Amino acid sequence: MPSRAEEQLLPKAYDFRDVETRWYEEWMKKGLFTATMDRDKPSFSMVIPPPNVTGVLHIGHALNNTLQDILVRYKRMDGYNTLWVPGTDHAGIATQNVVERQLAAEGLTRHDIGREKFIERVWEWKAKSGGRIIEQLKRLGCSCDWSRERFTMDEGLSRAVREVFVRLYEEGLIYRGDYIINWCPRCHTALADIEVDHDLSKGKLWYIRYPVAQEDRDDSGPEYVVVATTRPETMLGDTAVAVNPDDQRYKALVGKHLILPLVNRRIPVIADEHVDPEFGTGAVKVTPAHDFNDFEIARRHDLPFVNIFDVNAKLTEEAGPYKGMDRFEARQKVLEDLEAQGLLDHEEEYDLAAGKCYRCKTVVEPKLSKQWFVKIEPLARPALEAVRQGKTRIVPPGWIRTYEEWMTNIRDWCISRQIWWGHRIPAWTCEKCGHVTVARTAPEKCPECGSRDLVQESDVLDTWFSSALWPFSTLGWPDKTRELEFFYPTSVLITSFDILFFWVARMMMMGLHFMEDVPFYYVYLHALVRDAQGQKMSKSKGNVIDPLTIMDQYGTDAVRFTLAAFAAQGRDIKLSEERIQGYRHFVNKIWNAARLVLMHGSDLKDYEDLVRPERLSSAEKWILSRLERTISKTRTALDEFNFDVAAKGLYQFFWHEYCDWYLELSKPDLSGQNPRRADISRAVALYVLDSSLRLLHPFMPFVTEELWHHLPGKTECIMVSQFPKPRPEHIFQEAEREIELLKTIITGIRNIRAELGIHPGSKVRAVFLPHSEAAGAAIERHQNEIAILARVSETEQIASDRGKPRGAASFITEDVEIFVPLAGLVDISQEMKKLEKERGKVEKELAKVQGKLGNENFLKKAPAEIVKKEKEKKEALEARLEKIQKHFRMLEEAE
RNA sequence: GGGCGGAUAGCUCAGUUGGGAGAGCACCGGCCUUACAAGCCGGGGGUCACAGGUUCAAGCCCUGUUCCGCCUACCA
């Protein structure tokens with residue numbers, strides 16, 4: 001039966017379900033997430049990596065946003081003007097795909113309904129289901145300023161996009177040109193280089209014979225040249241064969257012609273440095289329209305471009321008899337035909353990295369087409385410098401090199417996409433004179449010829465173009481807003497390393513160019529969340545841990561704390577349910593500790609005033625001192641983005657110091673007869689709980705908020721309370737030493753009891769032989785605690801070996817020898833075995849130390865401090881050994 | 001091909017100027033001790049991947065080797 005006091009207080013187990021929704025609503029209602037712009041406070045701002053509107057919260061989002069929320073809650077409590085800007089990304093291809101699939105279910109394609117209607121459909125979809133992920137972020141407890149939520153295609157951001165495009169165009173940094181680009185035949189659009197994934201797959205290298213043209217053949221020369229290719233179908237678009245200029249084997253053939261099999265085109269043999277004579281046969285087929293290298297070779301040698309693929313990667317008329325075939329079908333047919341004509345020399349197994357569309361995994365096709373590009377070098381240079389000079393610091397710093405590498409080898413950015421959903425390129429072509437006008441708003445007539453017959457560019461911009469502006473476009477740019485003034489540059493960007501190039505680098509470039517300052521002072525790159533075996537989570541492998549499911553199961557606080565505790569820099573997070581379960585236990589532990597403390601002190605409103613050093617016991621000083629160290633540790637760790645260190649430190653402190661020792665030590669006082677003592681120990685318990693809850697709040701917002709309101713006298717929310725500040729006057733070194741000794745003594749007795757198999761219910765007698773006055777005094781002072789925590793009935797102090805009890809179990813430390821005399825209960829031979837083992841250990845250690853001290857070089861070269869330490873260690877070990885031996889002899893006699 | 005990171009207890013990892021090998025989980029034993037069995041108490045367990053080197057002293061610094069990740073790249 002629970003007591004009346006218990007009933008009034010907290011339920012026995014924490015039920016997160018209603019607490020989480022209740023407090024989130026309360027925070028929203030009170031407007032606690034809303035940024036203020038108070039001149040007296042420093043600013044702390046972040047922009048969320050905008051999830052795709054199509055997104056569903058996955059474990060990566062959970063990690064990313066948990067870390068951001070921890071930081072922003074910490075800073076908010078620590079007195080900053082905090083702003084965390086939330087929002088979503090329109091995610092061009094991804095979103096278009098979703099709506100196209102819906103259309104397909106109705107038997108329609110986007111072309112059936114037309115561009116305008118299609119875009120309407122996408123907006124409808126967005127209005128209906130686009131906000132899902134935002135709701136999920138709220139479940140996670142994210143304290144974003146929802147009043148400032150943005151969308152990359154809302155009106156303001158679209159205006160920023162047009163502004164940037166026009167300015168870059170006017171500065172000559174955006175141009176349009178015919179280039180070879182990566183084409184996704186499924187998405188029907190160009191892709192930027194980094195939107196193409198390369199993974200190694202098994203393939204073949206086919207060796208094909210290209211006959212030398214009749215008129216160029218001489219009697220001594222070869223009949224054909226053998227070229228190697230992984231993609232035989234592209235031969236239909238060949239316009240040359242290249243060899244290295246220094247390659248003696250082919251020297252005579254340069255300038256002559258070959259007959260391209262199957263299509264019988266005459267193609268020249270050319271010499272180009274690019275060709276590696278060591279690879280394959282040293283002769284390369286050149287397909288200018290369908291290979292990046294060949295494109296470059298063709299430009300150098302002025303070769304024609306033969307386009308053999310259409311938008312679906314089906315063969316065009318240029319491919320003659322193969323017209324209309326799919327590229328892979330054509331590959332088979334080409335090989336068959338070559339074989340039939342005896343032109344297939346041989347084939348080899350070969351691993352190759354075929355490029356795949358990062359959205360749909362279709363093998364991309366290099367393709368020639370007219371696209372818009374950003375001239376990247378003038379933008380990349382300052383972005384590179386800013387990191388080199390430390391204006392923006394990348395954490396962990398290992399990524400700096402990768403960033404530099406990429407920034408120095410970067411190619412122009414292809415920004416046009418042949419899809420419909422996105423920011424339409426603000427360029428209009430005059431149908432009459434062909435003049436292209438780039439403008440912020442649609443021009444009425446052609447500035448060249450005055451024609452009103454203008455057609456807007458049908459392409460849209462790469463999704464990442466608008467994301468690149470996110471840190472300033474969300475703050476109101478191009479207007480000069482107060483937000484920009486207050487919060488730009490933002491303080492920190494927290495994101496996953498896999499979008500370092502896609503996003504971070506581009507924000508750096510755009511921020512520096514348009515705001516003339518870095519977009520953020522710190523970039524913290526976190527790892528990927530993997531499964532317990534280190535495998536990437538994927539639906540097909542079935543190893544996905546769904547954050548929503550586990551939040552339902554274990555509560556949001558447990559999930560958040562787990563993610564933080566495993567967020568070690570530079571390492572992937574291997575997550576398993578077991579770990580989350582473990583931290584749910586921690587949530588429960590906090591709950592129950594609070595329950596105990598509140599049972600005794602729910603009415604003690606002035607507990608903070610009662611905590612005065614001069615009135616405290618050593619245990620109370622000790623816990624304050626430990627708290628103090630935990631506060632500093634937590635702050636430092638958070639300031640350095642060591643979320644794991646902060647989380648684990650709090651766990652260790654709260655569970656293993658506050659609960660295991662302080663609360664246990666204070667129980668006698670809490671329910672004792674001395675009201676003054678009881679008040680103080682209640683006050684300290686409350687004070688430490690109060691501080692701990694505030695330290696834990698950024699990690700576990702819900703349970704801490706709930707408990708906070710049960711503390712006496714709390715009316716405001718914990719999320720706007722003060723984050724604990726260092727109080728050096730709460731460091732008590734003397735008390736720390738004393739309690740550590742007490743812990744050793746209690747553990748020692750417990751150890752003896754456990755080894756002798758004494759029932760926890762029965763009490764023992766303990767005899768102490770302290771090695772110092774301080775130790776003796778401490779034992780004296782803490783008799784009561786020892787009695788309770790080690791279940792000791794009576795204690796006795798002796799001054800020398802003479803008083804030692806015969807036939808006792810012992811525990812020997814540097815400061816004190818402990819004996820538990822248990823006539824009849826001690827198995828003496830057992831006890832001797834234990835001592836023997838102990839003696840072995842000490843002897844071994846002693847031998848090591850003696851070896852060092854016997855080494856002249858050590859004495860000569862090691863720092864005096866170290867030598868001294870070793871000497872002290874030797875003495876301590878010798879003393880200990882002597883005591884063990886004495887006790888051993890005594891047992892022998894007793895036997 | 002280039003670059004980066006990792007190898008420490010059964011598992012996941014920490015170990016910050018080189019000077020006493022640690023945590024959590026798992027495991028074993030004992031306890032329903034009035035906050036918590038989602039708990040308490042106690043315990044076992046490691047040639048710090050391998051081979052050299054520097055040093056009085058190496059998990060830590062240097063060289064090489066093996067294995068495993070990841071990023072990046074235009075060898076057809």
Side-chain angles (χ1 to χ4, degrees), chain A residues 1-3 6 9-10 12-14 193-194 198 205 227-231 234 242 274-276 278-287 291-297 350 352-353 366 398-399 401-402 405-406 409 497-498 500-501 528 530 532 534 554 558 565-566 568 570-576 578-579 581-600 644-645 648 651-652 656 659-660 663-664 667 671 747 750-755 757-761 788-791 845 848-849 852 855-863 865-867 869-870 873:
Chain A
M1 275 286 279
S3 69
E6 249 178 274
L9 289 168
L10 304 173
K12 199 165 172 178
Y14 171 55
D193 296 331
I194 48 172
H198 297 270
L205 196 56
V227 296
T229 180
T230 55
R231 306 180 53 209
T234 63
H274 165 76
V275 180
D276 174 8
E278 303 295 316
F279 189 87
T281 59
V284 190
K285 58 192 274 312
V286 180
T287 321
D291 183 280
F292 288 90
N293 295 318
D294 296 0
F295 175 80
E296 296 296 333
I297 294 177
Y350 189 72
L352 73 161
W399 288 104
R401 208 189 147 98
T402 311
E405 196 85 8
W406 194 71
N409 298 316
F497 68 80
D498 54 351
L500 178 61
F501 306 139
L528 244 46
R530 298 170 180 279
Y554 302 105
F566 285 96
R571 238 183 230 266
D572 285 341
I573 297 174
K574 291 180 192 161
L575 192 69
S576 71
E578 268 179 13
R579 292 156 195 279
Q581 216 166 44
Y583 285 112
R584 178 193 49 173
H585 296 173
F586 183 44
V587 177
N588 194 52
K589 188 75 184 177
I590 297 168
W591 182 262
N592 277 291
R595 200 160 159 260
L596 171 70
V597 173
L598 291 170
M599 254 179 210
H600 292 98
D644 59 323
V645 174
K648 286 174 176 163
Y651 179 96
Q652 174 68 25
H656 298 303
C659 292
D660 286 354
L663 291 181
E664 292 303 328
K667 275 178 182 171
S671 43
T747 306
R750 283 172 174 170
N751 178 304
I752 293 171
R753 297 178 55 110
E755 287 200 358
I758 297 166
H759 192 275
I788 292 173
L789 294 191
R791 298 230 138 221
E845 245 183 283
K848 224 163 99 183
V849 178
K852 266 190 197 177
N855 183 339
E856 264 180 57
N857 280 327
F858 174 73
L859 297 174
K860 239 182 348 207
K861 293 184 180 172
E865 192 194 335
I866 299 293
V867 176
K869 226 165 116 185
E870 288 296 316
K873 194 167 148 192

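Chain identifiers are assigned alphabetically (A, B, ...) following the order of the sequence lines, protein sequences preceding nucleic acid strands; residue numbering begins at 1 within each chain. Computation of the quantities below employed the complete heavy-atom set of this structure, encompassing side-chain atoms and omitting hydrogens, waters and symmetry-equivalent molecules. This is a predicted model, so every value here is computed, not measured.
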Of A754(A) and V284(A), the one whose nearest nucleotide on RNA chain B sits closer to the 5' end is A754(A)
So for E664(A) and A35(B), does any side-chain atom that can act as donor or acceptor lie under 3.5 Å from a complementary atom in the base? yes
Give RNA chain B the dot-bracket treatment, 5' to 3': Watson-Crick (N1-N3 with N6-O4 or O6-N4) or G-U (N1-O2, O6-N3) under 3.5 Å, [ ] crossing, | other strand. (((((((..((((.....[..)))).(((((.......))))).....(((((..]....))))))))))))....
Rounded distance in Å between the P positions of G15(B) and G42(B): 27 Å
Is any side-chain N or O of R750(A) closer than 4.0 Å to OP1 or OP2 of G42(B)? yes
Within the structure provided, determine whether Y651(A) and H656(A) are in side-chain contact (heavy-atom separation under 4.5 Å). yes
Whole-Å distance, I758(A) CD1 to G42(B) C1', equals 12 Å
With no hydrogens and no angle check, is any side-chain donor or acceptor of R791(A) less than 3.5 Å from a backbone partner on R750(A)? no
Under 4.0 Å, heavy atoms only, any strand: does Y583(A) hit a base, just the sugar-phosphate, or nothing? nothing
Answer yes or no: does a side-chain N or O of N751(A) lie under 4.0 Å from OP1 or OP2 of G43(B)? yes
If you look at every strand shown and take non-hydrogen atoms under 4.0 Å, does T747(A) touch a base, only sugar-phosphate, or nothing? sugar-phosphate
A26(B) to U72(B) separation - P atoms, rounded to the nearest Å: 38 Å
Can you tell me how far P in G64(B) sits from the matching atom in C48(B), rounded to whole Å? 22 Å
Would you check if L205(A) and F279(A) make a side-chain contact, meaning some heavy-atom pair closer than 4.5 Å? yes
Distance in Å, K852(A) NZ paired with I866(A) CD1, rounded so as to fall on 0.5 Å steps: 8.0 Å
Have a look at D276(A) and say if it touches a base, only the backbone sugar-phosphate, or nothing, with a 4.0 Å heavy-atom cut-off. base
Just to be sure I understand the rule, does R401(A) reach a base, reach only the sugar-phosphate, or reach nothing, if contact means heavy atoms closer than 4.0 Å? sugar-phosphate
Considering only the C1' atoms, how many Å lie between U33(B) and G69(B), rounded to the nearest integer? 49 Å
If you draw the axis of the six-membered ring of F566(A), does the NZ or CZ of K648(A) fall within 45° of it and under 6.0 Å from the ring centre? yes
When you compare G43(B) with G24(B), how far apart are their P atoms, in angstrom units rounded to a whole number? 13 Å
Which is more 5' along RNA chain B, the nucleotide nearest N855(A) or the one nearest K869(A)? Just name the residue. K869(A)
Using a heavy-atom cut-off of under 4.0 Å over every strand shown, decide if N409(A) touches base, sugar-phosphate, or nothing. nothing
Selection from U72(B), G20(B), A23(B) that lies nearest to any side-chain heavy atom of Q652(A): A23(B)
Got E870(A) and V867(A) here, is their nearest side-chain heavy-atom distance under 4.5 Å? no
Quick one: does T402(A)'s side chain get under 4.5 Å of E405(A)'s, heavy atoms only? no
Between A7(B) and G20(B), how many Å separate the two C1' atoms, rounded to a whole number? 25 Å
Tell me whether the OP1 or OP2 atom of A23(B) has a side-chain N or O from K648(A) closer than 4.0 Å. no
For the residue pair T234(A) and K285(A), establish whether any side-chain heavy-atom pair is separated by less than 4.5 Å. yes
Please tell me if K589(A) has a side-chain N or O lying less than 4.0 Å from either OP1 or OP2 of A37(B). no
So, does H656(A) get its side chain near the phosphate of G24(B), meaning an N or O under 4.0 Å from OP1 or OP2? yes
P atoms of U66(B) and C50(B), separation to the nearest Å: 16 Å
How about H274(A) and I297(A): do any of their side-chain heavy atoms sit closer than 4.5 Å? yes
Confirm from the modelled atom types if K860(A) and C56(B) form a donor-acceptor pair under 3.5 Å, side chain to base only. no
Could you tell me how far U47(B) sits from G2(B) if I compare only their C1' atoms? Round to whole Å. 36 Å
Please tell me if K667(A) has a side-chain N or O lying less than 4.0 Å from either OP1 or OP2 of A35(B). yes
At less than 4.0 Å, is any side-chain N or O atom of Y651(A) found next to OP1 or OP2 of A14(B)? Yes or no. no
N293(A) has its side chain closest, among A76(B), C74(B), C36(B), to C74(B)
Looking at H585(A), I'd like to know whether one of its side-chain N or O atoms comes within less than 4.0 Å of OP1 or OP2 on C36(B). no
Assign V227(A) to base, sugar-phosphate, or nothing according to its heavy-atom contacts below 4.0 angstrom with the strands shown. nothing
